[in-house]
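Take a look at the structure below.
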Amino acid sequence: MVKLNNVEKVYRTRSIETLALTDINIHVRKGEFPSVMGPSGSGKSTLLNIMGLLDIPSKGGMEVDGQPVAAMGDRAMVRLRNQKIGFVFQSYHLINALTVVDNVEVPLLYRRMSNAERRKLALAALDKVGLSARTKHFPGQLSGGQCQRVAFPRA
Ligand SMILES: Nc1ncnc2c1ncn2[C@@H]1O[C@H](COP(=O)(O)OP(=O)(O)O)[C@@H](O)[C@H]1O
Ligand SMILES: [Mg+2]
């Protein structure tokens, strides 16, 4: 599903260079459920940003679903991120001004899709997490666990 080959990440500013990742080799297969552990500053966020296609490695290669990311243009990468990758954050990051169903629809706005189809997919996803009775609520009117249950279908 995701493969990293000798990935390295260096953050460079004019005055300092920080080596965040060196020689990372990971192969995540379909159905696996890995976790990444390490002390603060050890490179966990950097790794997840790279695996989530939010950032690019300084060196080394990555494949998602057998496709080498380095060979991809921006548009292909954006499509891959939209269709295959989702993040669930510890602090939810829902949009407070949008209702539950509108939050779940946000990633679908970046796809070619009718309003009706988008709404249908979002409502079906919310039904799966047991939130059909809260689709018109705003995040501020939900419990923490309910907010996280909105973040899953959005992802
Ligand atoms: N944008 C950045 N610019 C410069 N250095 C960074 C940046 N982001 C992270 N770092 C450095 O890279 C290292 C790894 O950071 P990070 O991936 O955020 O660690 P973790 O998530 O494991 O706490 C740290 O030493 C940090 O100082
Ligand atoms: Mg972190």
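Since we're looking at a predicted model, the values are computed, not measured. Ligands are counted one by one from 1 in listed order, and the atoms in each one are counted from 1 as well.
Residues I26 and L47 are in side-chain contact: their nearest non-hydrogen atoms beyond the backbone lie under 4.5 Å apart. V64 has its side chain within reach of V69: a pair of non-hydrogen atoms, C-beta onward, lies under 4.5 Å apart. The side-chain heavy atoms of M62 and I56, taken from C-beta on, include no pair separated by under 4.5 Å. Residues N25 and N6 are in side-chain contact: their nearest non-hydrogen atoms beyond the backbone lie under 4.5 Å apart. Within the 4.5 Å cutoff, no side-chain heavy atoms of P139 are placed close to those of V150.
Residue pairs meeting the side-chain hydrogen bond (donor to acceptor under 3.5 Å, both in side chains) criterion with at least one partner in residues 34-51, sequence neighbours excluded, are Y11-T46. Screening residues 132-141 for side-chain hydrogen bond (donor to acceptor under 3.5 Å, both in side chains), with sequence neighbours left out, gives D127-S132.
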Polar pairs, ligand 1 vs protein, N/O only, below 3.5 Å.
unit_1, atom_1, unit_2, atom_2, d
ligand 1, 17 (O), T46, N, 2.9
ligand 1, 17 (O), T46, OG1, 2.5
ligand 1, 19 (O), G43, N, 3.2
ligand 1, 21 (O), S45, N, 2.9
ligand 1, 21 (O), S45, OG, 2.8
ligand 1, 22 (O), S42, N, 3.3
ligand 1, 22 (O), G43, N, 2.9
ligand 1, 22 (O), K44, N, 2.8
ligand 1, 22 (O), K44, NZ, 2.9
ligand 1, 23 (O), G41, N, 2.7

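Taking the charged nitrogens against the carboxylate oxygens, R119 and D102 do have a contact shorter than 4.0 Å, which makes a salt bridge.
Ring orientation note: the planes of F87 and F89 are close to parallel, at an angle under 30° on the 30°/60° scale.
Any protein N/O/S atom under 2.8 Å from the Mg ion (ligand 2) was counted, giving 1 altogether.
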